[in-house]
Every structure is written in structure tokens, then in C-alpha cells.
A.B. asks: 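One structure, as C-alpha cells, below. Some questions next.
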Amino acid sequence: MPKNSKVVKRELDDEVIESVKDLLSNEDSADDAFKKSELIVDVQEEKDTDVEEGSEVEDERPAWNSKLQYILAQVGFSVGLGNVWRFPYLCQKNGGGAYLLPYLILLLVIGIPLFFLELSVGQRIRRGSIGVWNYISPKLGGIGFASCVVCFFVALYYNVIIGWSLFYFSQSFQQPLPWDQCPLVKNASHTFVEPECEKSSATTYYWYREALNISSSISESGGLNWKMTVCLLAAWVVVCLAMIKGIQSSGKIMYFSSLFPYVVLICFLIRALLLNGSIDGIRHMFTPELEIMLEPKVWREAAAQVFFALGLGFGGVIAFSSYNKRDNNCHFDAILVSFINFFTSILATLVVFAVLGFKANVINEKCIAENLEMVIKLVKMGNISQDIIPHHINFSAVTAEDYHLVYDIIQKVKEGEFPSLHLNSCQIEDELNKAVQGTGLAFIAFTEAMTHFPASPFWSVMFFLMLVNLGLGSMFGTIEGIITPIVDTFKVRKEILTVICCLLAFCIGLMFVQRSGNYFVTMFDDYSATLPLLIVVILENIAVSFVYGIDKFMEDLKDMLGFAPNRYYYYMWKYISPLMLLSLLIASIVNMGLSPPGYNAWIEDKATEEFLSYPTWGMVVCISLMVLAILPVPIVFFIRRCNLIDDSSGNLASVTYKRGRVLKEPINLEGDDASLIHGRISSEMSSPNFGKNIYRKQSGSPTLDTAPNGRYGIGYLMADMPDMPESDL
């Protein structure tokens, strides 16, 4: 090398450094010009600029603080009051332990695949139900609106149940409990037991007369029940305060509202197992009746329970998952939450039947004592000979086995005269076979059982606080299914929308706290959600499997999860689940047609329930609920099909940039082959070629006739973003 080579090399290095400095300075100035540039969207003769100054970057969407918080939110939404007062009833009614087999099969065939589908689309597109189905296919955008309507209908009456629970919770801080005994009525001459209570029971009377002060039919409104009105207001205030900041506020409450019910259920199970008769109740529950399992009705009810237990179609699942990171393993979440829900139902069933077994044992002991007195009286009167009574039986200490032996002997000896003796067999199974569900289980049967518990006020407080928390967990998901899609779609402030939504729901909900309000709760529960939700989920399945394309969706999942989901899901989504859902829909329609529309009214004079048919206006309301819930689907389809409105989903792609980042995505048009996998978010996906030029014009420069570079005229945007993560490219 020549002697002066080092000098030459140093000069060359200096030139290179100077060149780099010039390049960087030019790049900085170009970057400044780029930041000041504006977006030109040229659609043939139409020019439009859509720039939102100060828009927030999409990545700034609220997110869960932890994976645990998210799982608790999904568990809190899916595990609700139905797990406590619906599943045990279905178990008892449909063959005991044998019912678990069809339920588990349908959970694998319908529940987990559809739950996984909703989690996936919410997490990938990061929108509420309206945005998700608009993205999949604008013509099917009505699915999201239908979900919101159903959520609103359900929220109206579901919070009333929370209000009832709050009332009982507030009344539990006294000894003895107010529903422990029938009230006494005093008049001028003497004191007597309230006739309505004497004909029924203390807990039944308290529920219908003291709590609801119920009227005799749905046509007799009877005015507002002020106690329940206050409780309903309190319930909506709690929901509003918890939801006003979205998942930032409700997420923290989930730690208590989702976990506390498990603490109570476990405590109840341990306490109940220490009481007489609890094992009889559990044995009764798990004794399988295999012949019942072959009946189609059992499978229909199991499918409906799976469907509603996971909260499919409400939009809450999609809303919660939309706040997840895109690489979250939602497949694991779907399986985990589904089985937590299943085992929670079994735990609740164990608790319910253990407590009901104890209650049946208490009632059976009273029955034996009363009938034994009749036997002793008949023996003294000579109607029954003392000789037929076994000598080892001591009437002063008779066990259940001894009484049943005496009963069988008297029945054989006095075969002709036996009916006139009016003796009862006092079998504990007869009491356990009295199937109760819903409010009848929670506010009558369970409350009666707790009156026999030692320290009954404590257990009553715990039980109704558990019901409140179960209800709130489901309410958070239901309200999120309304708020998130509307905020995402119409860009309104979440706090204002939450307050307006809760205030409106409370005002409409006053119909449920009339004296006839319980009948309206029954009406909404039967007609506002069942069929509309089934139709919504069927359309969701069709939208993903056939409109968007199941193969493309499987590729999206592979890109998002980092592994290909089992081929099992492909066949479930494309073939099995749609057929099962259609069968369930048809069976539900047939069952609804065969069952006379009506409700169980409480008749004060008879102190019993009596089935009454809805009046004509009631039938109109029932039909209107179903029609209104599903009406958005055809309306949106018709509007999109006929291009009746001019919006960004038509010929104009609405795109907003901030610091070189796409903020507002072009709404995916039907026929757009762009997959969800291209880009981290839908808004960062390459825009389809609509026959227009999209490019930036430098401030003060003439408009160019052609796009600078890139397939759709925005390719250079990706080149001038040194601070953009590689994953975004």
C-alpha cells in the first residue's frame, strides 16, 4: 500500500460522512414535508380529504392489564345465574347424571367451536360486534346491530333480577330472617296467621307478597313497587359506575365479582355436606336415568343451555376479546373458559342438591312426626290394632326406616280402608323430585333451606351477595356488548354513552318493578333473546365459513396464533355447527309453537300459581320483541344491497394518517380478497384497488396525475417510517 494511503482513506471517509449527513438532512426535510402533507383520495371526478387531526393511534386501544383479568372477565360473563338455577334443574329433569353426557358432547360440537370463533374475530379485527361483521361483509353488518338490540333487551330485565337479589341481601341482616315464619294478623278479637301464607309457605308468601307485592295478572299493573324501584336504581348505579371507564374500571372489579361466587359455592358445599340429608340429595342428582337420555327433548334443552351458558351471540365475547393482543392464544382461552363454565355448573349443582337434600330431610322429618301422631291416634281409637305394630318400634323415638316399615304394614293390613286413613309415605325422593328452577329455586326453595341453617343470616348474606356478583359479571359483558360496538362505530365518548344507556335502561326497566313486573320479566326471558340469538349465531357462522371463506379464516388463525388450529374446527364450522344450529332453531320454533304462550300468575285467594295466557296486546309485545331484535339484519342488508346511503363503505375508502400510520381503515367491500392476515390491524391492510389514486401531495405542490409508487399508491408510506416496528411492515 502506498505511504499516503491512510491520508487518502481518511479523505474518502470524510466525504462519505459528509454525504451521509447530506442524505440525513435531506431525509429530515423530506420527513418534515411528509408530516405536513395531506391525503388526496381521487375517485374519478370526485376528490375528498378525510384527515382527522389528533386522532389516536389504533394501537392505543384500551387493553387488559393482565391475562388473568381478561380470563376473569370472560368467566364472569359466561358464568351467570343460569349456572346456579337453570343447570341443576335441567340435570334433575333430564335424567340426573345421564344429562351430563349430552351436555358435554354438545359443548364440544357447538359450544367450544363457536366460542373460539367469536374470540378469534374479536381479537383479530379489534372491534365490537358491529365493526367485526361490517368488516367481514358490509351486507351482514346488521348482525352486530342485532346483537346490540338483544343485549339491550336482556340487560333491561337481567338487572331487575340483580335488584331482587339486592333487596333480599339487605333484608338478611336480621335474626330470625323475615321469611322464616308466617306473619301474624291481629284484629279486634284475636290473632291469626296470614291466610295467604298459611295456604302456601313462609318463603313463598314473602317472595310474592312482601318482596314483589304481585298482582293477579299481567293486565293489572298495580303501580310501582317502591322497594324494588330503589333496588333497581341501585343496581343500575353500580353497573354504570363499574362500566363508565370501560375495561379500565370494570376489569378491576372482575377480581372480586368473578372469584367471590366460587368462594361462596365452596363454603356452601362444605357446610351442606355436614348437614343431614345432603348426601341423599347428591345421590339423587347423580343417579342416571339412561332411558331419558334418548329423548330428543333432552338434547334440545342441553344444546340451548350450552348455547346460552357461554354467552354466544351477545357480542360481549367479541367486545372483551377485542381488547386483547393479536398474538394472544385465544384457542386456549376458548377451551379454558368453556370447561371452567362446565365445572362451575357441576359445582353449583352439587351445592344446590346438597342443600335441597338437607331441606328435603327436614321436611321429611316433619312429615314423619305428623303422620306418626296420626298412627298413634288411630291405634288408641282402635282403628289399627296394636298387634300389627312390630314390638321393637318405640313410638317415642321412631326413625325414618321404622316409620316406613309401619306404613307398609298398615297399607297391607288395611288395604281397602287405607285411603281413608290419609297417611303419607314421607319418602325423601318425593320431595327431591319437585323440580324448581329460576326464581323459584333462588328466592323460595333455597331461602327456605337456609332458614334451617345454623347462623342462617350469615349464609343468607353470602348467598345473595353471590347472586349479585354472578349477575354483575354477566351484566358487565352484556353492557360491553352494547357500548364497545357503538363507540367503535360512531366514535362517541364512552362515559357519556354509558350514562345515557344506563339511564335509558332504568327508565324502561320501571315496567319490571310494577306489581305485575315479574310477568314482564318472564315475557322478556322467553321471547326477547332465544330465537334472535340463535339466528344471530347462525349468521355469524355463515359469514365466517361461507362469505369470508373458511380456508382464508383458517390461514388467518394460523398467522395470528402461530400454529394451525386442529382440522376439527374446519369441519365443525363448515358443516356440523351450522347443521346443529339450524336443527336447534327449528326445534325451538316447533317447541314455541306447541307451547301455549303464557305465564304463571300468583292467585292471592288460592295462594297458588295458575297458568294464564297472554292477552292480545301481550302477544303483540312478544312478537314485537322477536321481530325488533332481528330486524337490523334485513334492514342493513337491504340498505347495502341497494346502496341507499352514501358512506365510506361504498366507493370511497376513508383513510386517516398520523405520523405515517394508518388510523382509520377502509371498510372491506364485498368481494375484497384482502385477508385479515395482511398487517397487524385491519386498518393497516393494503387498500383494495377501487380505481382511484391515493397518494400524498406535498404542501404547496401541484397535484400529481399518478400515484408515486407502491401497488395502491401508498407503498412509499412504509419507507419513511424509521420508528415503525418491523412487525408492522
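Numbers here simply count residues along the sequence, with the first being 1. Keep in mind that the numbers below use all heavy atoms, side chains included, and drop hydrogens, waters and symmetry copies.
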A.B. asks: Can a donor-acceptor pair be found, under 3.5 Å and without considering hydrogens, that links the side chain of T447 to the backbone of I444?
C.D. replies: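 The answer is yes, because a donor-acceptor pair under 3.5 Å joins these two groups.
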A.B. asks: Would you please indicate yes or no on a ring centroid separation below 6.0 angstrom for F342 and Y103?
C.D. replies: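 Centroid distance Y103-F342: below 6.0 Å, so yes.
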A.B. asks: If we only count heavy atoms from C-beta on, is the L106 to F307 side-chain gap below 4.5 Å?
C.D. replies: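 Not touching, per the 4.5 Å side-chain cut-off.
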A.B. asks: For the backbone of S456 and the side chain of S460, can you confirm whether one donor and one acceptor N or O come within less than 3.5 Å of each other?
C.D. replies: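 Looks like no, no N/O pair under 3.5 Å.
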A.B. asks: Which pair of non-hydrogen atoms, one from F611 and one from P596, has the smallest distance, and what is that distance?
C.D. replies: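 Result for this residue pair: CZ-O, 3.4 Å.
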A.B. asks: Run the salt-bridge test on E301 and K93 with the 4.0 Å N-O cut-off and return the result as yes or no.
C.D. replies: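 Result for this pair is yes, salt bridge flagged.
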A.B. asks: Examine Y168 together with Y206 and report whether their ring centres are nearer than 6.0 Å.
C.D. replies: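 Yes, the ring of Y168 comes within the 6.0 Å limit of the ring of Y206, centre to centre.
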A.B. asks: Would F453 and F458 satisfy ring pair (Phe, Tyr, Trp, His ring centres under 6.0 Å), going step by step from the backbone distance to the final call?
C.D. replies: CA-CA 9 Å; F453 276 32; F458 169 77; over 10 Å; no
A.B. asks: Heavy-atom distance under 4.5 Å between the side chains of V150 and I630, does that happen here?
C.D. replies: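 With C-beta onward as the side chain, the pair stays apart.
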A.B. asks: Which residues pass the salt bridge (charged side-chain N to carboxylate O under 4.0 Å, His left out) test with E198, sequence neighbours left out?
C.D. replies: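 Counting only residues at least two positions away or on another chain, E198 forms no salt bridge (charged side-chain N to carboxylate O under 4.0 Å, His left out).
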A.B. asks: Over all heavy atoms of both residues, which pair between A155 and T478 is shortest? Give the atoms and the distance, please.
C.D. replies: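 Minimum heavy-atom contact is CB-CG2, 4.0 Å.
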A.B. asks: Starting at CG of L347, measure out to CG of L265 and round the result to the nearest 0.5 Å.
C.D. replies: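 The CG atom of L265 is 5.0 Å from CG of L347, to the nearest 0.5 Å.
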A.B. asks: Do S172 and W179 have side chains that get closer than 4.5 Å, going by heavy atoms?
C.D. replies: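 Contact flag for S172/W179 side chains = yes.
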A.B. asks: CH2/W207 to OG1/T203 distance, rounded to the nearest 0.5 angstrom?
C.D. replies: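 One gets 11.5 Å once the value is rounded to the nearest 0.5 Å.
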A.B. asks: For this output row, return yes or no: ring centroids of F169 and F173 closer than 6.0 angstrom.
C.D. replies: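 Centroid separation for F169 and F173: below 6.0 Å.
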A.B. asks: side-chain contact (heavy atoms from CB on, under 4.5 Å), that's the test. Do W133 and I318 meet it? Break it down for me.
C.D. replies: CA-CA 11 Å; W133 303 114; I318 294 175; 3.8 Å; yes
A.B. asks: For a quick test of your reading: what N or O donor-acceptor pairs under 3.5 Å do the side chains of residues 73-86 make, sequence neighbours left out?
C.D. replies:
residue	atom	partner	partner atom	Å
Q74	NE2	Y70	OH	3.3
Q74	NE2	V317	O	3.4
S78	OG	Q74	O	3.1
S78	OG	V75	O	3.3
S78	OG	N341	ND2	3.4
N83	OD1	G80	N	2.9
N83	ND2	N341	OD1	3.2
N83	ND2	S345	OG	2.8
R86	NH1	Q437	OE1	2.6

A.B. asks: Which atoms form the tightest heavy-atom contact between P183 and Y205, and what is the distance?
C.D. replies: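 Looking at all heavy atoms of both residues, the closest pair is CG-CE2, 3.5 Å.
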A.B. asks: Taking CH2 in W226 as the centre, count heavy atoms belonging to other residues, nucleotides or ligands within less than 6.0 Å. Is the count above 12?
C.D. replies: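 Incorrect, the count does not exceed 12.
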A.B. asks: I'd like to check F464 versus F443 (side-chain heavy atoms, cut-off strictly below 4.5 Å). Are they in contact?
C.D. replies: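 They are in side-chain contact.
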A.B. asks: Closer than 3.5 angstrom, by distance alone: can the side chain of D488 be matched with the main-chain N or O of G128 as a donor-acceptor pair?
C.D. replies: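 Confirmed, D488 side chain pairs with G128 backbone.
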A.B. asks: Got a donor-acceptor contact below 3.5 angstrom from the K245 side chain to the A242 backbone?
C.D. replies: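 A pair under 3.5 Å: no.
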A.B. asks: Distance-only, no hydrogens or angles: does the S474 side chain make a donor-acceptor pair with backbone N or O of G471 under 3.5 Å?
C.D. replies: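 Pair absent, no side-chain N/O of S474 close to backbone of G471.
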A.B. asks: Could you check L107 against L310 for side-chain contact (heavy atoms from CB on, under 4.5 Å), going step by step and ending with a plain yes or no?
C.D. replies: CA-CA 10 Å; L107 180 67; L310 293 175; 4.1 Å; yes
A.B. asks: Looking at V239 and F476, what are the two nearest heavy atoms and their distance?
C.D. replies: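 Closest heavy-atom pair between V239 and F476: CA-CE2, 4.4 Å.
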A.B. asks: Aromatic ring centroids of Y99 and Y89 under 6.0 Å?
C.D. replies: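 No: the rings miss the under 6.0 Å criterion.
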A.B. asks: Rounded to the nearest 0.5 Å, what separation is found between the CG atom of L465 and the CG atom of N469?
C.D. replies: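 L465 CG to N469 CG: 5.0 Å, rounded to 0.5 Å.
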A.B. asks: Please check if the side chain of R209 supplies one atom and the backbone of I214 the other of a donor-acceptor pair under 3.5 Å.
C.D. replies: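 Judged by distance alone, yes, a pair lies under 3.5 Å.
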A.B. asks: Please check: side-chain N/O of T489 versus main-chain N/O of I486, any donor-acceptor pairing under 3.5 Å?
C.D. replies: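 No, because the side chain of T489 does not come within donor-acceptor range (under 3.5 Å) of the backbone of I486.
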A.B. asks: Give a yes-or-no answer on whether the side chains of S147 and S129 include a donor-acceptor pair shorter than 3.5 Å.
C.D. replies: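 Result is no, nothing qualifies.
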A.B. asks: Would you say the side chain of L100 lies within less than 4.5 Å of the side chain of F87, judging by non-hydrogen atoms?
C.D. replies: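 In contact.
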A.B. asks: Rounded to the nearest 0.5 Å, how far apart are CG of L581 and CD1 of I538?
C.D. replies: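 So the gap between those two atoms works out to 5.0 Å.
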A.B. asks: What heavy-atom pair brings L628 and V149 nearest, and what distance separates the two atoms?
C.D. replies: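 It is O-CG1, 3.8 Å.
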A.B. asks: What closest approach, in Å, do C151 and I482 show between heavy atoms, and which atom pair accounts for it?
C.D. replies: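 Nearest pair, atom of C151 first, then I482: CB-CG1, 3.5 Å.
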A.B. asks: Counting only N and O atoms by type, is there a donor-acceptor contact under 3.5 Å from the side chain of E118 to the main-chain atoms of G313?
C.D. replies: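 Yes: the side chain of E118 pairs with the backbone of G313.
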A.B. asks: For the CD1 atom of I586 and the CG atom of N591, what is their distance to the nearest 0.5 Å?
C.D. replies: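 That separation rounds to 13.5 Å.
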A.B. asks: Given side chains that start at C-beta, do those of F260 and M462 come closer than 4.5 Å, heavy atoms only?
C.D. replies: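 Heavy-atom side-chain distance check passes, below 4.5 Å.
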A.B. asks: Would you please test Q92 and L356 for side-chain contact (heavy atoms from CB on, under 4.5 Å) and show each step?
C.D. replies: CA-CA 12 Å; Q92 177 185 17; L356 292 182; 5.6 Å; no
A.B. asks: Go through the steps to decide whether V306 and F115 satisfy the test side-chain contact (heavy atoms from CB on, under 4.5 Å), and finish with yes or no.
C.D. replies: CA-CA 11 Å; V306 167; F115 193 60; over 6 Å; no
A.B. asks: Does K227 use its side chain to pair, donor to acceptor, with the backbone of E210 at less than 3.5 Å?
C.D. replies: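 Yes; judged by distance alone, with no hydrogens or angles, the pair exists.
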A.B. asks: Given side chains that start at C-beta, do those of M228 and F167 come closer than 4.5 Å, heavy atoms only?
C.D. replies: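 Counting from C-beta outward, M228 and F167 do come under 4.5 Å.
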A.B. asks: How about C240 and C502, are their SG atoms within less than 2.5 Å of each other?
C.D. replies: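 In this structure, C240 and C502 share no disulfide.
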A.B. asks: Hey, is the main chain of D605 close enough, under 3.5 Å, to the side chain of K199 for a donor-acceptor pair?
C.D. replies: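 Checking the backbone N and O of D605 against the side chain of K199, a donor-acceptor pair under 3.5 Å is found.
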A.B. asks: Could you check whether any side-chain heavy atom of V185 comes within less than 4.5 Å of a side-chain heavy atom of V193, counting everything from C-beta outward?
C.D. replies: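 No, side chains not in contact.
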A.B. asks: What side-chain donor-acceptor pairs closer than 3.5 Å can you find for residues 503-521, not counting sequence neighbours?
C.D. replies:
residue	atom	partner	partner atom	Å
Q514	NE2	M511	O	2.9
R515	NE	N213	O	2.7
Y519	OH	S215	O	2.6
Y519	OH	W602	N	3.2

A.B. asks: Could you measure the distance from the CG atom of L72 to the CZ atom of F256? Nearest 0.5 Å is fine.
C.D. replies: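 Atom-to-atom, L72:CG and F256:CZ are 13.0 Å apart.
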A.B. asks: Name the orientation class of the two ring planes belonging to Y323 and W64 (parallel below 30°, tilted from 30 to 60°, perpendicular beyond 60°).
C.D. replies: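 The arrangement is perpendicular - the two ring planes meet at more than 60°.
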